[in-house]
Visitor: 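A single structure is presented below for examination.
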Amino acid sequence: MNTSKQVNVMIGLMFVTLIGVFLYFIWDDIRAEDATEKQIVENAERGGNLFSLNCRACHGMNGLGTIENTLLPGLPLNVDLNRPMMPDPDDPRRNVPDLGELMNRQNIIRDSIRCGRVGTLMPAWAEDQGGPLNDFQIQQLVALITGAMPGLDVPDNLNAVSEKGWESAVEEADHTDFLEGKQLAKAAGLTSTTFVLTETAELIADSLLRIDDEVVKIVTVGADSDEITVERAAFGSDAAEHEEGAQIFNGPIEPPTGPLTGEGQKYGPCGQRGVSASEPVGEPIPIQGEVAMELDDNFFQLDGQRSPILEVSVGQEVTIDLVNNGQAIHNMHIAGVDDTYDVDFCEVGGDEPCSEPALMAAGDEGTITFTFDEPGTLNFRCDFHPVLMTGQIVVVE
Ligand code: HEC
Ligand SMILES: [Cu+2]
């Protein structure tokens with residue numbers, strides 16, 4: 001070989017090595033990105049398991065809270081709002097995570113989980129606030145809800161990551177509620193109140209069962225038959241047809257009704273001001289006919305007056321148009337004429353005047369109409385923030 005050939009071979013070899021090094025770096029980059037994404041998905045899935053064990057009673061199986069079932073007190077968490085995306089500035093046809101808004105949501109969510117929310121049923125979960133969860137578990141819940149793990153690179157598709165986490169929450173619920181050996185031995189129509197099961201052992205009257213998306217309440221368990229009688233569409237669910245072989249699960253965990261976080265304390269978790277009941281304040285504001293009132297986090301407001309005292313005349317019908325300008329859900333529930341609340345959550349058409357709808361999500365509008373036949377003073381409140389969010393109606397001759 002002459003020198004020039006040797007040089008050519010050398011240059012060739014160097015070239016191959018350079019390309020090799022270059023390819024290695026690209027591959028390593030992709031591998032690292034995949035590894036990070038995998039790590040976030042795993043954490044979101046752990047978050048899903050934690051959610052199923054700790055949070056589902058109030059926020060629902062799928063994390064949709066009040067959207068999933070109006071009997072649930074928890075806010076919807078599995079929503080786009082918590083996984084903010086925006087059009088890519090370089091290519092508006094695709095969406096990328098909105099980093100600023102994402103960080104904002106992550107902070108709100110982490111703080112809500114750590115500290116709970118005073119005046120509501122949301123308890124504090126952080127160990128340093130007396131709760132059962134450590135910081136890492138709370139980050140895993142944040143990863144479940146927002147699709148990104150604080151401290152790690154943000155994945156391209158927040159929804160895809162979060163979805164994996166929510167799937168795992170449902171799997172965990174199915175796994176813990178699984179009633180082995182209990183299936184429908186015969187299909188059940190929409191109205192049938194007798195279910196024939198492959199096995200009824202261990203079932204007890206009054207407990208809830210879940211079958212497909214319906215919840216039923218057991219009325220009687222046949223002593224030596226394989227039949228149970230049930231109340232259909234229990235726990236705010238809808239009746240559905242069920243096929244032979246459908247699996248039976250334990251029913252949902254019923255949410256607690258109290259105590260509220262920080263109730264009766266000077267300071268709640270994380271130094272939040274405890275709940276000293278908000279007293280209705282100010283001069284009575286005379287109202288008649290139709291008026292507008294705002295619901296906000298967490299107060300009623302009429303003409304700029306928070307926790308207002310409204311004055312109405314005996315025998316006159318009044319309609320209040322309500323709008324929820326807050327983030328949380330609210331409603332308006334007026335105590336009965338004895339000025340006590342006989343039910344925790346009011347119902348439209350029930351004995352105590354209730355806003356229609358009885359549950360107003362952020363941005364919702366509603367109305368409440370009432371007439372009082374006796375002079376007196378009646379309190380009203382939001383059932384979701386019963387200590388903080390109050391007002392008063394004075395009925396005058
Ligand atoms: C006892 C019922 C209950 C349980 C259990 C519960 N929550 Fe909540 N949670 C609530 C309520 C009620 C609210 C709404 C508070 C409000 O209206 O301000 C809430 C609010 C939240 C919020 C704030 C949402 C937002 O958009 O502002 C987050 C996040 C949250 N919960 C996460 C969790 C997680 C995670 C768990 C389980 C570790 C959990 N919650 C368990 C009742 C509950
Ligand atoms: Cu409220």
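Both counts, for ligands and for their atoms, begin at 1 and track the order of listing. Computed from a predicted structure; not experimentally measured.
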Visitor: Considering only the protein, which heavy-atom contact is closest to atom 34 (C) of ligand 1, and what is its distance?
Guide: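 Heavy-atom neighbour on the protein nearest atom 34 (C) of ligand 1: Cys55 SG, 3.3 Å.
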
Visitor: Test of understanding: given a 4.0 Å heavy-atom threshold, classify the contact between Ser112 and ligand 1 as side chain, backbone, both, or neither.
Guide: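 The answer is the side chain.
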
Visitor: List the closest protein heavy-atom neighbour of atom 12 (C) of ligand 1: residue, atom name, distance to the nearest 0.1 Å.
Guide: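 Answer for atom 12 (C) of ligand 1: Pro73 O, 3.3 Å.
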
Visitor: Please write down residue, atom name and distance for the protein heavy atom closest to atom 13 (C) of ligand 1.
Guide: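 Protein heavy atom with the smallest distance to atom 13 (C) of ligand 1: Met122 CB, 3.8 Å.
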
Visitor: To the nearest 0.5 angstrom, please state how far the CG atom of Leu388 sits from the CG atom of Leu260.
Guide: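 Atom-to-atom, Leu388:CG and Leu260:CG are 8.0 Å apart.
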
Visitor: Is it true that the side chains of Ser112 and Arg117 contain a donor and an acceptor less than 3.5 Å apart?
Guide: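 Per modelled atom types, Ser112 and Arg117 side chains form a pair under 3.5 Å.
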
Visitor: Whether the Asp297 and His330 side chains hold a donor-acceptor pair (N or O, under 3.5 Å, no angle test) is what I'd like checked.
Guide: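 A donor-acceptor contact under 3.5 Å links the two side chains.
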
Visitor: For atom 41 (C) of ligand 1, grab the closest protein heavy atom and report residue, atom and distance to one decimal in Å.
Guide: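 Result for atom 41 (C) of ligand 1: Trp125 CZ2, 3.4 Å.
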
Visitor: Can we call the ring centroids of Tyr341 and His333 under 6.0 Å apart?
Guide: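 They qualify: ring centres under 6.0 Å apart.
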
Visitor: Where the Cu ion (ligand 2) is the centre, what is the ND1-to-SG angle for His385 and Cys382, rounded to 10°?
Guide: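 His385 ND1 and Cys382 SG form an angle of 110° at the Cu ion (ligand 2).
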
Visitor: Is the closest heavy atom of Phe51 to ligand 1 under 4.0 Å?
Guide: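 No.
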
Visitor: Could you state the interatomic distance from CD1 (Ile334) to CG (Leu310), rounded to the nearest 0.5 Å?
Guide: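 Here the rounded value is 8.5 Å.
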
Visitor: Give a yes-or-no answer on whether the side chains of Thr390 and Ser307 include a donor-acceptor pair shorter than 3.5 Å.
Guide: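 Ser307 and Thr390 do not have a side-chain donor-acceptor pair below 3.5 Å.
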
Visitor: Answer side chain, backbone, both or neither: which part of Leu77 comes under 4.0 Å from ligand 1, heavy atoms only.
Guide: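 Only the side chain of Leu77 comes within reach of ligand 1.
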
Visitor: How about Glu163 and Glu167: do any of their side-chain heavy atoms sit closer than 4.5 Å?
Guide: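 Glu163 reaches Glu167 side chain to side chain.
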
Visitor: Contact between Val343 and Glu352 at the side-chain level, heavy atoms closer than 4.5 Å - yes or no?
Guide: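 Side-chain contact under 4.5 Å: yes.
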
Visitor: Which word best sums up how the rings of Phe384 and Phe345 line up, parallel for under 30°, tilted for 30 to 60°, or perpendicular for over 60°?
Guide: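 Taking Phe345 first and then Phe384, their aromatic rings sit tilted (interplane angle of 30° to 60°).
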
Visitor: Show me which atoms of ligand 1 lie under 4.0 Å from any heavy atom of Thr120.
Guide: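 Heavy-atom distances to Thr120 below 4.0 Å select 15 (C), 16 (C), 17 (O), 18 (O).
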
Visitor: What about Arg105: any of its N or O atoms under 3.5 Å from an N or O on ligand 1?
Guide: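 By distance alone, the answer is yes.
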
Visitor: For the residue pair Val281 and Gln305, establish whether any side-chain heavy-atom pair is separated by less than 4.5 Å.
Guide: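 Yes - at least one pair of side-chain heavy atoms lies under 4.5 Å apart.
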
Visitor: Can you label the angle between the His59 ring and the Phe51 ring as parallel, tilted or perpendicular, going by 30° and 60°?
Guide: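 The rings of His59 and Phe51 sit tilted, inter-plane angle from 30° to 60°.
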
Visitor: Please compare Thr257, Leu53, Asn54 and report which has the shortest non-hydrogen distance to atom 5 (C) of ligand 1.
Guide: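 Answer by nearest heavy atom: Asn54.
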
Visitor: Could you tell me the residue and atom name of the protein heavy atom closest to atom 2 (C) of ligand 1, and the distance to it rounded to 0.1 Å?
Guide: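 The closest one turns out to be Cys58 SG, 1.8 Å.
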
Visitor: Calculate, to the nearest 0.5 Å, the distance between atoms CG and CG belonging to Asp383 and Asp344 respectively.
Guide: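 Atom-to-atom, Asp383:CG and Asp344:CG are 7.5 Å apart.
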
Visitor: Would you mind telling me if ligand 1 is within reach of the side chain of Arg117, the backbone, both or neither, using heavy atoms under 4.0 Å?
Guide: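 Within the 4.0 Å criterion, Arg117 contacts ligand 1 through side-chain atoms alone.
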
Visitor: Are any of the N or O atoms of His59 closer than 3.5 Å to those of ligand 1?
Guide: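 It does: an N or O of His59 is found under 3.5 Å from an N or O of ligand 1.
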
Visitor: Which of the atoms in ligand 1, numbered in the order shown and given with their element, are less than 4.0 Å from a heavy-atom of Leu121?
Guide: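 Near Leu121, the atoms of ligand 1 are 1 (C), 2 (C).
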
Visitor: Between Ala57 and ligand 1, which residue portion shows a heavy-atom distance shorter than 4.0 Å: side chain, backbone, both, or neither?
Guide: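 Contact part for Ala57 vs ligand 1: neither.
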
Visitor: Under 4.0 Å from a heavy atom of Ala328: give me the atoms of ligand 1 that qualify, with their elements.
Guide: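 Those qualifying, in numeric order: 17 (O).
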
Visitor: Determine which of the N, O or S atoms in His330 is closest to the Cu ion (ligand 2) and give its atom name.
Guide: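 Per the distance ranking, His330 contributes ND1 as its closest N/O/S atom to the Cu ion (ligand 2).
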
Visitor: Within ligand 1, which atoms have a heavy atom of Ile113 less than 4.0 Å away?
Guide: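 Atoms satisfying the 4.0 Å criterion: 32 (C), 35 (C).
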
Visitor: For ligand 1, is there an N or O atom under 3.5 Å from any N or O atom of His385?
Guide: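 In this structure, His385 places an N or O atom under 3.5 Å from an N or O of ligand 1.
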
Visitor: The Cu ion (ligand 2) to Asn298: any N/O/S contact under 2.8 Å?
Guide: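 No - counting backbone and side chain alike, Asn298 has no N, O or S atom under 2.8 Å.
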
Visitor: When you measure from atom 14 (C) of ligand 1 to every protein heavy atom, which one gives the shortest distance, and what is it?
Guide: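 The answer is Leu75 CG, 3.6 Å.
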
Visitor: Less than 4.0 angstrom from a charged side-chain N to a carboxylate O is my criterion; do Arg110 and Asp135 meet it?
Guide: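 No, no charged N to carboxylate O under 4.0 Å.
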
Visitor: Under a 4.0 angstrom heavy-atom cut-off, which atoms of ligand 1 come close to Pro256?
Guide: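 Taking each heavy atom of Pro256 in turn, ligand 1 has 1 (C) under 4.0 Å.
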
Visitor: Distance alone, cut at 3.5 Å: any donor-acceptor contact between the side chains of Arg83 and Asn157?
Guide: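 No pair is found: no donor N or O on one side chain lies under 3.5 Å from an acceptor on the other.
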
